Amino acid sequence: MILHTLSSLKTTLLALAVLGVGIAIILGDIASSTTALAPALSLLFINLLVAIFVSEKIKRDFWLLVFHLSLLILIILVSASRLIYMKGWVELTEGQYFDGVSGILHQGPLYKDQTDQFRFQQLDFYTTFQTEVLDKTYSRVRVSQEERSEDVIIRDQLPLVLNGYRFSISSHLGFAPTFSWQTDSEINLGEVYLPSYLYNSTGQALEWNLPGTNLSIWTMLDFDENVVSEFFKKPDSFTVIVRVEDQRYEMKIGDTIKLSEGRLTLTKLKHWIGYEVFYEPLMAWILAVCITAIVSLSIFLWNKWGRQSWLKPGDEPTAPLSTSSAQAASSTRTLVKKETF
Amino acid sequence: MNAELLSLWAALIGYVVAGTIAIFGAVFRKSPEKTVLLILLCGVLLHTLALGLRWVRLGYGPFTNMYEILSSNVWSLFVFFLLIYWRIKAIRPLSPFIIPFLFMMLAWLMMVPAMDTSLPPTYDTIWLYVHIGFGKIFFGALMIATGLAVVILCREFEFFNRLTNALPGSGSLDELASRMILLALVFDSLMLVAGGIWAQDAWGRYWAWDPLETWSFVTWLSLGFLVHFRITFPRLPWVYATLTLCVFVVSFMTFFGLPFINTIPHKGAV
Ligand code: HEM
């Protein structure tokens, strides 16, 4: 009795309806997609599992069985993938080595960081613009693996894939004024990643802390020229405005300001480029199972429709036309053979 | 007027003439089927020419703005209708139940300004064609299933007898509609998978529950529900027909409503 209920097609309808509620929850932004879908997917999983063992209809047809098995495996794979995936981002300046992601947007509870197992260096990048809208991006990186290094181009549709981590162009580009900070005991070099230029062209400012001090520094890049007309270029003439407490400084490359704790020098203006980072080791399997499901369903339908015409014998129109379509409809025999749709 | 616009207008006139003859034929029990087929074919060829000329002029296909997407969908829906009209003779009298919808799409197309745009960088991929191609078959099959569902529902009212009696019995129509729905399910699944592959390379993730992705999943799910509803309750064809109409509305909103109400999140439909 319980098995019958669990495997019943009515339970399937219920599970699909619950899945619909889960999606409404996602649309309403009430809970995360994982939480919203878990109850429905669990119900669907149990329903499918029991049905595959119990239902004669599913077992009788090999391709229908393969199709429903694929759905079952798909639920397992998607759930497993939610446990171990990671989605984050990284911003790199020209010449910088990748050293872990800049931030993580989502991650599964079992995600283990493995970004220390590979290494690459950001070289230059090139972008094209059409009427000030980003068109194409090409970014060159140097990948070092086992004593060998190789230059690779990352493009809009062509991510860099290293150890299952995928780095795709994110359409975020910006400027990074580079400073050196010299105290009595040490010199530190640091880059200030100003906000993404394409989305914040009027807000090129950031507040940050000088290492080893309580000093908060407000930095703004000021220039008066179009840097996105053909490609993303550095301004020919610019000033970096720095505010420390109540003091305001205007800096050019090479300028130094003296503070009570040390000396701050503007050394360079660099570009940075942003990447989406995505780690989903089960992706290829998910794709393979999706394709298996679709192919097996298609074969099942092909066989089933080939066995019987949609037009049932004796189902011709009650008020036939005086025309060829009426002849076609009434001569069911020919149709049964020809039109298997 | 340039050749591109001229061929588009000629195509639209062809569609309207063919559609009107088909409807009159069904209403007055006449047999203009060869004429309809021929004019429809001319319409489709002229429309193909208009789309092709625009493609050559701009250097990319009709994928970006409302005008382009409507034009390419009107084209594919007419192609689908033409194929069905040609191959499945018994349902030619279905025309009055489908043509009015196609005319609505035509009217919409004529009201949208024919602007040129530029192609986003993420559109430079073969998956664009695969994704859109599967989508066109999905929507075409759903349109035919919906037309059949409307006939089944209209049979409840005597008023429509003149039109509905020219078609095979409801049992057969229900079976054909369910096959069209299953075909739509297969191609919707293919469309989602192709979209996922494209999104993975373009934006670094295959699925992110943005509004368009979420609604396309709702569409897929409602098709799955429909398929199982029919297996579970085979004796309720009119409920099945009503649900088919609902699925059509959801798909229509996903296809033509959402990308234009909510352009920002799904970058695929800027
Ligand atoms: C979203 C998930 C599902 C989808 C998309 C799906 C899809 C399908 C399709 C397309 C068919 C063929 C229908 C036909 O021949 O007309 C089918 C048949 C069937 N499905 Fe599912 N299915 C799903 C989940 C389930 C579950 C969870 C069960 C568990 C009870 C189930 C049980 C069956 C059975 C018993 C049949 C055979 C019915 C028959 O031939 O009479 N399905 N399914």
Side-chain angles (χ1 to χ4, degrees), chain A residues 8-10 12-13 16-17 19-20 23 26-27 33 87 130-131 133-137 156-159 166-171 275-278 280 283 286-287 290-291 293-294 297-298 301 305 309-312 314-329 335 339 341, chain B residues 25-26 29-31 33-34 87-93 118 120-122 124-125 127 161-162 165-173 175-176 178-180 182-183 185-186 189-190 192-193 196-198 200-206 208-209 211 214-215 217-218 221-222 224-225 228-229 231-232:
Chain A
S8 138
L9 278 165
K10 292 195 177 116
T12 313
L13 285 180
L16 294 178
L19 201 52
I23 295 170
I26 297 176
L27 274 175
S33 54
K87 182 168 166 37
Q130 272 188 7
T131 51
V133 177
L134 182 61
D135 185 20
K136 294 193 164 52
T137 307
D156 295 297
Q157 306 283 343
L158 194 72
R166 300 171 74 91
F167 295 81
S168 330
I169 303 275
S170 76
S171 85
Y275 299 99
E276 317 262 8
V277 188
F278 193 59
E280 176 89 277
M283 204 167 64
I286 292 178
L287 179 63
C290 278
I291 291 173
I294 297 174
L297 176 61
S298 306
L301 294 175
W305 294 348
S309 162
W310 63 272
L311 191 57
K312 302 187 165 89
D315 222 358
E316 59 269 11
T318 45
L321 303 176
S322 58
T323 67
S324 59
S325 70
Q327 286 156 14
L335 274 165
E339 286 169 13
F341 233 93
Chain B
R29 307 267 161 79
K30 292 278 180 288
S31 168
E33 294 169 1
K34 287 228 168 71
R87 296 303 304 161
I88 313 183
K89 297 194 180 74
I91 60 159
R92 283 181 179 172
S118 65
T122 48
D124 187 13
T125 163
W127 291 107
N161 276 2
R162 192 176 171 85
N165 286 351
L167 283 151
S170 288
S172 296
L173 294 190
E175 174 64 24
L176 184 61
S178 88
R179 291 186 185 190
M180 287 291 165
L182 283 159
L183 195 68
L185 178 69
V186 168
S189 310
L190 286 168
L192 292 192
V193 171
I197 296 174
W198 180 11
Q200 180 61 58
D201 285 342
W203 310 318
R205 86 292 187 293
Y206 59 85
W209 296 108
T214 310
W215 277 103
F217 188 69
V218 172
L221 198 63
S222 57
F225 188 91
H228 277 81
F229 181 87
I231 311 171
T232 322

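Since this is a predicted model, take the numbers as computed values, not measurements.
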Measuring from [X]:[atom1] to [Y]:[atom2], what's the distance to the nearest 0.5 Å?
| X | Y | atom1 | atom2 | result |
| --- | --- | --- | --- | --- |
| B/Q200 | A/L287 | CD | CG | 10.0 Å |
| B/I231 | A/L9 | CD1 | CG | 6.0 Å |
| A/I23 | B/T214 | CD1 | OG1 | 7.5 Å |
| B/F217 | A/I26 | CZ | CD1 | 8.5 Å |
| B/L190 | A/S298 | CG | OG | 6.5 Å |

[Y] and [X], any side-chain heavy atoms less than 4.5 Å apart:
| X | Y | result |
| --- | --- | --- |
| B/S178 | A/W310 | no |
| A/L297 | B/L185 | yes |
| B/R205 | A/E276 | no |
| B/L182 | A/W305 | yes |

* To do: Decide side-chain contact (heavy atoms from CB on, under 4.5 Å) for B/Y206 and A/I286; before the verdict, give the C-alpha distance in whole Å, the side-chain angles of both, and the deciding distance to 0.1 Å.
  => CA-CA 11 Å; B/Y206 59 85; A/I286 292 178; 3.6 Å; yes
* To do: Return the minimal non-hydrogen interatomic distance between A/L16 and B/L221, and the atom names on each side.
  =>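 It is O-CD2, 3.7 Å.
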* **Part of B/W215 lying under 4.5 Å from any heavy atom of chain A** =>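 Answer is side chain: those atoms of B/W215 sit under 4.5 Å from chain A.
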* To do: Pick one of side chain, backbone, both or neither for B/L192, based on which atoms fall under 4.5 Å of a heavy atom in chain A.
  =>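 For B/L192, there is no contact with chain A at all, as no heavy atom is under 4.5 Å.
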* Quick one: does A/D315's side chain have a donor or acceptor within less than 3.5 Å of a partner on B/S172's backbone? ->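 It does hold such a pair.
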* Side chain of A/K312, backbone of B/G171: donor and acceptor closer than 3.5 Å? ->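 Such a contact is found between A/K312 side chain and B/G171 backbone.
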* **Per-residue contact mode, A/L13 against chain B (heavy atom under 4.5 angstrom)** =>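 When you check distances to chain B, atoms from both the backbone and side chain of A/L13 fall under 4.5 Å.
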